[in-house]
Each structure stands twice: as structure tokens, then as C-alpha cells.
Amino acid sequence: MACNSISEAAERLVQTALGRGFEEAAVQINRSNSVMVKLANSEISVVQRWSTLAVGLYLAKEGKILLTEIHPANLEQANRLVERAVSAAAQVRPSMLYAPLPEPAEVEPLDLVDSSVVKAMEDPSTLAETLLSATSAADRVAGALTLSYVERGLANSKGAKLEEAATGVEAYLRVFIGEASGQWSYGSRKLSIENVKQTAETALELAEMAKGEPKQIEPGVYDVVLSPMVVGNLMNLVGMMASALSVLMGSSMFARTEPGSKVASEKFSLIDAPRNSELLGSASFDDEGQPTQNKPIIENGVLKTLLHNSKTAAKFGTKTTGNAGMMFPRAWTLSIPPGDSALDEMVRELKRGVVITNNWYTRLQNYVEGIFSTIARDAAFYVENGEIKHPVTRIRVADRLPKLLSNIELLGRDLYDISWWEVNPAVRAPYIMARGIGISRPFV
Amino acid sequence: MQEDLLQKCLDLALRLGASYSEARYHRHIQTSIFTRNGEMVGYGEALKEGVGIRVIVDGALGFSATNSLDWSSAEEAVKRAVKLAKAHSKLMKNPIKFADARMGRAKYEVACSKPFDSLDIEGKHSILVETWDRVKGSVKDAKVMTLTARYGEEIEEKTLINSDGAYVVSRIPRLSVGYNFVLLHPQKGTLQRSRAFGGSGGLEQLDAWRMPEKAAEEAERLERVLLEGVEPPKGPIDVIVGSEIVGLIVHESCGHPSEADRIWGREAAQAGMSFIKPGMLGQRIGGKYATVIDDPTIPGSYGFYLYDDEGVPARARYLYKEGMINEHLHNRWTASVFGTTSNAAARAMDHNSEPIIRMANTYLAPGDYTFEELLEEVKLGVYMGSYMEWNIDDIRWGQRYVGLECYLVENGNLTKPVRNPVLEVTTKSFYSSIDAAGKELRFEPGTCGKGEPSQGVPVWFGGPDVRLRGIPLGVVG
């Protein structure tokens with residue numbers, strides 16, 4: 001089926017829904033093919049291939065909202081779900097979020113397809129070999145390489161009818177030398193074999209640096225240098241909290257903060273960058289058919305905007321920011337403008353500090369106050385008077401996100417496109433240095 | 001009809017050179033309701049179905065999935081799984097093999113005494129409205145800033161066959177409800193709580209859960225924590241860890257590190273590894289109270305199943321037994337690697353997911369103390385009843401739990417509320433410090449994440465209240 005036929009199929013479903021008495025309907029159809037090679041112990045643990053058809057229906061009547069998400073065996077099955085929705089609509093109460101779908105607006109297309117990704121999907125073993133051969137000096141490696149091609153078609157009862165195709169590449173590798181390890185990742189719309197290789201080499205380099213007996217450090221307050229892997233993970237959280245629906249649901253540290261307020265160091269900005277076609281997650285239109293736009297969420301430390309669809313925008317008395325989600329506005333892909341520091345310059349600024357190159361398992365005690373902790377994994381180092389002294393055992397950053405954002409003092413001049421298991425949506429980020437952050441470890 | 005399609009997939013894979021093939025039809029039908037402060041946000045329905053095919057070709061493992069149920073799509077999926085496995089077999093150092101296992105041939109279904117369609121949408125919604133009304137009315141000085149509540153039901157249906165003779169058909173309905181509220185006080189700040197109830201079966205479970213009443217009772221107690229909470233005492237003290245936290249601890253620090261694929265390094269770049277290394281069976285990890293069981297066969301449990309997704313009959317697994325590392329969680333591949341037999345831990349989230357090693361219902365074995373007896377001998381301590389923040393490192397050794405509803409224990413009695421105490425311990429220090437366990441076993445539901453792409457599967461985790469001796473607590477700064 002050609003790309004335009006899925007938007008036509010979406011349009012037919014819209015008509016079916018309107019014919020069954022719904023006042024508004026929006027349909028999004030995603031047809032995707034993807035392949036993933038998973039590596040462990042320097043060999044292939046599994047190769048996976050998916051062919052998926054996913055249909056999302058938004059149906060509204062008298063202020064009631066019904067959402068249906070199906071992975072149907074065929075599109076006729078989607079018609080039957082519209083029938084089911086008719087009987088549900090009679091029982092559902094109106095939604096506190098209801099607002100009419102927005103009028104269609106002109107969408108400038110983006111070039112999001114790299115044909116070399118589609119070609120590589122036929123047999124990704126060469127790319128897997130690239131990852132393995134670049135790290136042959138390691139004791140063992142693990143990771144994953146994913147290639148995807150997704151067609152997206154959208155139609156709604158306001159007359160929007162849009163299509164877009166996009167490719168994706170994600171590669172990440174964890175490299176072990178003895179007990180030491182390093183991990184790095186890469187995500188893009190375009191395939192660069194050089195970047196895939198560089199990902200493996202960076203992970204190897206970090207593992208090399210982390211060799212030697214790791215030592216414990218005392219819990220306390222330290223200056224920290226966080227790698228783009230860590231920044232990516234934490235900014236995913238900030239991006240999610242910037243969704244206006246997170247604010248409404250009490251799941252955001254911006255719940256008591258108005259746009260225009262200072263929320264971070266003036267050196268720090270965070271951009272939602274869907275129109276940067278290199279970045280994994282980029283898109284030209286949102287789930288309401290509105291054009292996407294690059295925009296600062298935080299600019300020079302000031303909260304500029306929450307992320308809206310037309311429903312949250314109506315609730316907040318503002319305009320959509322092109323971040324729909326039918327219900328949940330979300331960041332497409334995040335980007336942090338660089339600073340002017342080299343990594344070694346940032347490390348030299350630490351009197352008593354730690355460098356953390358990877359993390360995972362970030363959890364919050366309280367979203368409204370941003371009380372969180374996250375655990376370092378892979379290469380992490382104790383720094384004294386600007387010199388790396390030794391690797392450290394698995395420490396924990398335990399503090400408040402607003403404080404971390406406010407205490408950012410330096411940003412690296414190099415940017416990295418990060419995407420992996422713990423960073424989704426993808427983030428383009430530099431290293432950052434922040435002062436006075438809580439570090440913890442088990443007491444007993 | 002699906003059985004014919006699955007059989008054709010198996011046969012084709014074998015003809016194309018697979019030494020093993022497996023085909024699974026998997027369907028989820030879900031309904032959800034989401035509210036904020038009692039008002040409807042949205043009503044959702046979801047249907048996901050398709051076929052997942054797994055093959056071993058020349059020692060490499062291939063998986064392919066499609067949600068088109070016509071033969072040409074399924075045929076294409078089989079061909080791709082075989083082709084990709086074959087192409088990558090040149091990179092295999094240790095060919096994948098499956099250990100022999102007794103294959104299930106069965107059909108089973110979880111019965112509901114109150115099916116989902118015995119209550120209309122309005123009736124389901126009204127549970128969430130009542131939760132808001134009761135919570136709002138339960139606090140006096142604080143304000144309920146927001147309360148979100150959700151209702152979710154699903155029916156999971158599977159037909160699994162493989163080339164070793166498995167034939168398993170199952171139908172499992174599951175229900176879950178939950179809430180998340182933020183209490184706000186102008187001077188004391190905010191406090192946030194999230195809680196869920198879940199199990200397999202129908203609406204009859206709602207009567208036992210009593211979510212609106214329990215949410216209101218909890219909000220009333222947590223208001224006191226927000227307004228009157230004090231810092232935990234400094235220095236080593238006795239800590240009574242509540243069942244809710246004990247369940248999470250055993251899930252994180254026994255269940256996960258006992259997954260044999262993790263021990264072998266298959267998840268090293270994602271969910272991590274394990275402090276347990278091959279050959280550590282029989283080594284000591286704690287005291288006599290450290291008995292942790294994972295049992296998929298508990299009736300009504302959220303992680304219930306009778307046969308795993310490789311067709312192996314399920315049974316209880318004693319992961320830690322009286323302080324010793326006793327048994328790992330295995331699928332047929334790790335059973336082959338470790339020279340043992342599968343104990344039926346292979347689960348797939350949906351048709352798009354390969355079966356991987358998962359927990360089901362993990363719990364610490366109960367002891368024989370009443371709650372009052374656990375407190376009785378404590379001069380100065382803290383009771384940690386619930387939590388919000390937690391995490392554990394990627395080898396499942398160093399872990400942290402931040403208490404939410406917590407109280408000082410003074411001379412055997414619960415006294416003042418304690419705000420945000422931090423239990424940060426190693427796995428061994430936790431299991432070695434338990435000196436008494438309660439007799440009441442309770443479970444909490446969760447969705448456990450693992451795999452690449454990440455798969456969330458329903459689990460229960462549980463245990464009794466336990467007493468730890470001589471533990472220093474931290475506090476959120």
C-alpha cells in the first residue's frame with residue numbers, strides 16, 4: 001500500500017464515525033516495519049522483525065471523548081470498533097478536557113526518510129558486525145541496533161489529511177573490560193555508519209577509563225559533571241513534566257509555576273525540536289494535524305511554555321504548541337543548546353566532585369517538588385581539585401530537579417544525539433556541570 | 001482458524017531450515033476510564049492482536065511478528081524470522097539451544113463471578129467519582145491539589161504451539177484500579193501518593209479492594225504525615241518495614257537478580273545484570289527469614305498463569321530459601337546454558353514480544369508475629385508503611401526506598417509521623433537484618449518492565465511486615 005492510501009483509509013474511518021453520529025472524529029494510522037539486533041556477550045541474542053499496523057481513533061460527541069487504539073488484523077476491524085464506540089458513547093460522561101478539534105493549518109513537510117536505513121533493514125548483520133568489531137578489544141559487549149521505517153497517515157473531521165514517512169536508527173552499546181564498563185548511544189533519522197562506529201568506540205573508551213578498583217565515596221554534596229546520557233534521561237523527565245496535562249494531573253514540578261518564571265540557571269535552555277529532521281522523534285505535524293514548531297520550553301533559565309494540544313490550550317487559555325497527543329501533549333525530541341566548555345575544562349572546575357557517564361532507574365518521591373533519585377552505572381569517577389582520582393562504585397544522585405536545573409554552571413561545547421532504553425524521546429545534549437548536588441549510597 | 005494459521009507457520013519455518021519453531025496468537029482487549037478530581041478525562045478501548053513467531057536457525061534466534069492474520073502476512077513474517085536468524089548465525093559463538101521440557105497440552109480460563117459487562121460504564125466511572133468525593137472530604141487543613149483515578153480491565157487470550165509439541169490455549173481477564181493524589185498545605189508543601197489494586201478475575205475483586213474508602217482513610221493519615229511529620233532518628237535503629245515495601249524489595253533484590261538471562265548477561269545493556277553469578281546456588285544471602293518464592297499459580301493473582309509462553313507447566317519457585325540462593329528463574333534457553341530444566345518463567349507481553357524470563361508473583365514467606373508483637377520489643381525505631389521513590393542498581397545490590405506513611409516507634413508503640421525517611425541498604429544487609437516476620441501476607445500489583453523493546457507484564461509482589469535491627473535511616477534533604 002502506498003503512503004497516501006493510509007491517509008485515505010483514515011479519511012474513510014472518519015466518515016464512518018461521522019455517519020454513526022459522532023460530531024467529531026480523528027484517525028491516525030501508523031504502519032511500521034522495524035528490525036532490531038540485540039547483542040549480549042559479544043554475540044547475537046536475538047534478531048527481531050516487526051510489521052505493525054496501528055490505528056488510533058478519537059471520537060467526540062456532546063463533549064464526550066472516546067479513544068480507541070487498535071492493532072487490527074485489517075482495517076475493516078477498525079470499522080467494527082467504531083460500532084462498539086457508538087454504544088459506549090451513550091454511557092460516557094462529558095470530558096473535562098473537551099475542546100473542538102482545531103481548524104487545519106498549513107504543514108510544511110520535512111524530509112525524514114533515509115533510503116539507506118530501509119536498505120539496511122534487509123540485512124542489518126553488517127552493522128551489527130561494525131559494533132562488534134569496533135569493540136573487539138573489550139572482554140564482552142551488549143547492546144542493540146534498531147532500524148525502522150514508519151508511515152503515518154492522519155485525517156480528521158475538520159478536513160485535515162496528512163501523511164508522513166520517517167526512518168529511524170538507534171544504536172547503543174555497553175562495553176565491559178573486567179568489571180569496568182562504559183555505555184554510549186546514538187539516535188537519528190539518518191544512518192551514519194561512522195556515528196554507529198563512534199558510539200561503540202566511545203563506550204569502549206569509557207570502559208578503558210573505568211578500569212581499576214572502584215572505591216566508595218561518602219554520601220554528601222558534590223559538584224557533578226553529567227554526560228549527555230545522564231542529561232538525556234533527566235531531561236526526558238523535565239520534558240514530560242512540561243506537558244500541560246502533567247501539570248493538570250499533579251505530575252509536574254511546573255504545577256505551581258507560571259511561564260515567565262525562572263526555573264533553571266540562565267545558562268540553560270531546553271528546546272522541543274520536532275523540525276530538526278536529523279533528530280529521532282522529529283515530525284512535521286502533530287496528532288491533531290497541526291504543524292509542529294521548534295520552541296524553547298526553558299530559555300536562559302526561564303520557563304517559556306508548557307507543551308499543549310488544543311484541549312490543554314483551551315484549559316490554560318492559550319494556543320496549541322503543536323505537541324498533540326490526542327489527549328497527552330508530549331515533547332517530540334529535545335535539544336539543549338551547547339555551552340563553550342571542553343569536557344576536561346569542566347572536570348578541572350570540580351574541587352570535590354563526581355563525573356557520571358550513565359544512569360538508570362530515575363524515580364520520584366514527589367513530582368510537584370521534583371524530589372528524585374537516579375543511579376549511576378558504568379564509568380563514574382571521583383574528582384578532587386580538578387583531577388580524576390578513581391572510579392567510584394554505583395552511587396546515586398538524590399536531590400531535587402529544580403535545584404539541579406538552577407545549579408547548572410557549565411555546558412559542554414560538543415553535542416551528542418542520545419537515544420536508548422532510558423532515553424526516549426531522543427535528546428541532543430552536551431555534558432553539563434552543576435554545583436552542590438546530593439550524592440548517596442547504601443548506608444549498610 | 002488461528003490454530004490452522006499457527007500450524008502452517010510452524011511447518012513453513014521447519015521447511016525453511018529452522019530446528020525449532022513456535023507460533024503464538026495473542027490478543028488483548030482493554031477498556032480504561034481516566035478521571036481528574038472526579039471528572040471524566042477520557043474513556044478508552046484498545047484491541048491488540050497478532051501472531052508472534054520464534055525460530056532457531058543455525059543456532060541463531062529469530063523473532064517476527066505481524067498483526068495481519070492472513071496467510072500471506074504470516075508467511076512473510078516466518079520467512080523474515082528465518083532469513084534474519086540465518087544471516088546473523090555467522091555472529092554466534094554459542095549456538096542457542098533449548099533444554100528438553102515437558103510440553104503442556106491444555107486449555108484453561110480464569111472464571112469471573114462478576115464479568116466485566118455486569119456493570120455499565122457509568123457504574124465503573126462512579127467508583128472513581130466516589131474516590132474523589134471521599135478523599136476530598138477526608139482532609140481538614142490540607143487541600144487535595146489533584147486526584148487522578150483510573151479503571152482498567154483487560155482480557156488476554158493466547159494460543160501457543162511449538163515444534164516440540166506444546167499446545168496451550170488460555171483466557172485471563174484482569175482488573176486494575178488506582179489513584180494518585182497530591183496534598184497541599186501552604187506552609188508544609190506537598191505530599192504525593194500513588195496506589196494501585198490489581199488481580200486476575202472480574203469485578204468481584206472491587207468489593208474486596210474498597211478503593212474509595214481506603215483512599216480516603218489513607219489521605220486522612222497522610223495529611224497528618226504532611227502536617228506533623230518529624231525527621232527520623234539519627235544512628236542505627238530498628239526499622240519495621242511494611243508489607244508494601246517488603247514486596248517491592250523482594251521483587252527488586254531477589255526476583256530480578258534470580259532471572260537466569262540477566263545472570264548470563266542477556267539484559268546487560270538494558271535492565272542490567274545480577275550480583276548472582278553462575279555457580280552461586282547454595283551461597284548465603286541472608287538469615288533464616290530470607291525465603292522468597294515466585295509462584296505464577298496463585299489463584300486471583302495479577303501475574304497468574306498455568307503454562308508459560310514456551311508451553312512449560314508453571315510451578316512455585318523458591319528463589320531464596322532460609323537465607324540461601326536456591327533456584328533461578330529459567331526459560332528453556334537458560335536451562336540449557338545452566339544444565340537444568342525450565343521452571344516456566346518465559347512470558348511475552350503481547351504478540352509483538354519475544355518470550356523472556358519474567359517474574360509472576362514474588363513474595364517473602366510470612367513468619368508468625370502479629371504486628372503488635374513486631375513493635376513490642378522496639379524501644380526506638382521507625383515503621384515504614386508505604387513508599388513513593390525507589391530504585392536499585394543494575395546488579396540488584398544497592399537499593400533505596402523513601403518512606404511515605406511512616407511513624408516513630410517508641411517503647412513498642414507507634415507515635416509521631418515521620419517524613420521521608422530513606423532506607424538505603426544492600427541486598428545482603430536487608431536479608432541479613434530481618435529478625436522477625438509478620439504472619440499476614442499481603443500483595444500489591446505492578447507492571448514489571450524488562451526486555452528490548454521494553455515489555456511490561458503484570459505481577460504481584462508481596463510479603464509480611466518485617467523487623468530489621470540496627471539500620472541507619474537517611475532523610476530526603
Side-chain angles (χ1 to χ4, degrees), chain A residues 37-38 40-41 43-53 65-71 73-74 81 84 88 91-97 123 125 128-129 142-144 172-174 248-250 327 360-361 363-369 371 373 375 377 394 396 421 438 440-444, chain B residues 36 39-50 60-69 77 80-81 84-85 87-88 91-93 120-122 125 145-146 148 182 189-190 192 265-266 268-270 352 354 388-391 393-394 398 400 402 424-426 429 452 471-472 474 476-477:
Chain A
V37 183
K38 188 173 172 185
N41 295 317
E43 61 181 338
I44 309 298
S45 54
V46 65
V47 192
Q48 302 182 80
R49 180 73 156 76
W50 298 276
S51 176
T52 302
L53 180 70
I65 294 177
L66 292 91
L67 295 165
T68 302
E69 187 191 336
I70 49 176
H71 288 211
N74 52 56
L81 280 165
R84 274 185 58 154
Q91 301 179 49
V92 171
R93 292 190 203 176
S95 169
M96 49 86 67
L97 261 190
D123 181 5
S125 63
E129 274 182 296
Y172 63 87
L173 209 62
R174 191 178 192 190
L248 280 174
M249 297 301 157
M327 293 299 279
W360 89 312
Y361 226 134
R363 292 291 185 277
L364 286 98
Q365 177 74 359
N366 181 320
Y367 283 76
V368 175
E369 298 191 10
I371 300 170
S373 67
I375 308 177
R377 61 190 251 183
R394 292 170 169 84
R396 195 172 260 109
W421 209 66
S440 180
R441 67 168 173 80
F443 306 126
V444 286
Chain B
R36 177 186 183 272
E39 289 187 289
M40 175 70 88
V41 176
Y43 169 87
E45 290 188 353
L47 164 70
K48 198 153 57 162
E49 69 176 334
L61 189 62
F63 176 82
S64 179
T66 176
N67 54 343
S68 296
L69 295 175
R80 286 193 183 277
L84 285 167
H88 288 78
L91 300 174
M92 297 303 295
K93 297 172 187 165
D120 61 14
I121 296 170
E122 175 63 26
H125 183 186
M145 190 171 142
T146 55
T148 58
V182 180
T190 63
Q192 188 160 23
R266 194 183 196 262
Q270 294 90 20
N352 260 335
E354 59 159 346
M388 277 292 284
E389 175 192 326
W390 88 100
N391 47 34
D393 67 33
D394 65 304
R400 170 185 171 103
V402 183
E424 198 157 345
V425 292
T426 65
S429 62
E452 178 63 302
I471 298 287
V476 167

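None of the values given here were measured: they were computed from a predicted structure.
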I'd like to know which of A/L97, A/N41, A/D123 tops the heavy-atom pair count under 4.5 Å against chain B. A/N41
Measure from the side-chain N and O atoms of B/E45 to the backbone N and O of A/L67, and report whether any donor-acceptor pair falls under 3.5 Å. no
Count the heavy-atom pairs under 4.5 Å between each of B/N352, B/V425, B/I471 and chain A, then report the option with the highest count. B/N352
Return yes if some donor-acceptor pair links the side-chain N/O of A/W50 with the main-chain N/O of B/T66 below 3.5 Å, else return no. no
Taking A/E69 for its side chain and B/A46 for its backbone only, find out whether a donor-acceptor pair lies under 3.5 Å. no
Contact class of B/M145 relative to chain A, heavy atoms under 4.5 angstrom: side chain
Under the 3.5 angstrom rule, does the side chain of B/E424 hit a backbone N or O of A/F443 as a donor-acceptor pair? no
Least distance between heavy atoms, A/L248 atom then B/T146 atom: O-CG2, 3.3 Å
Where does B/A87 contact chain A at under 4.5 Å (heavy atoms): side chain, backbone, both or neither? both
Side-chain donor-acceptor pair present, B/N67, A/T52, cut-off under 3.5 Å: no
Proximal component of B/A65, with respect to chain A [non-hydrogen, under 4.5 Å]: both
Could you tell me which of A/S373, A/A142, A/A128, A/P94 has the largest number of non-hydrogen atom pairs under 4.5 Å with chain B? A/S373
Under 4.0 Å between a side-chain nitrogen and a carboxylate oxygen: does that hold for B/D394 and A/R174? yes
For B/M40 and A/V92, which heavy atoms make the closest approach, and how far apart are they? CE-CG1, 3.6 Å
Identify which part of B/S64 has an atom lying under 4.5 Å from any heavy atom of chain A, answering side chain, backbone, both or neither. both
Does any heavy atom of chain A fall under 4.5 Å from the side chain of B/T148, the backbone, both, or neither of them? side chain
Which atoms of B/A268 approach chain A - backbone, side chain, both or neither, heavy atom under 4.5 Å: both
Check whether B/V402 gets within reach of chain A through its side chain, its backbone, both or neither, counting any heavy atom under 4.5 Å. both
Chain A heavy atoms under 4.5 Å from B/R80: which part of the residue, side chain, backbone, both or neither? side chain
Is chain A contacted by the side chain of B/H125, its backbone, both, or neither, given a heavy-atom distance below 4.5 Å? side chain
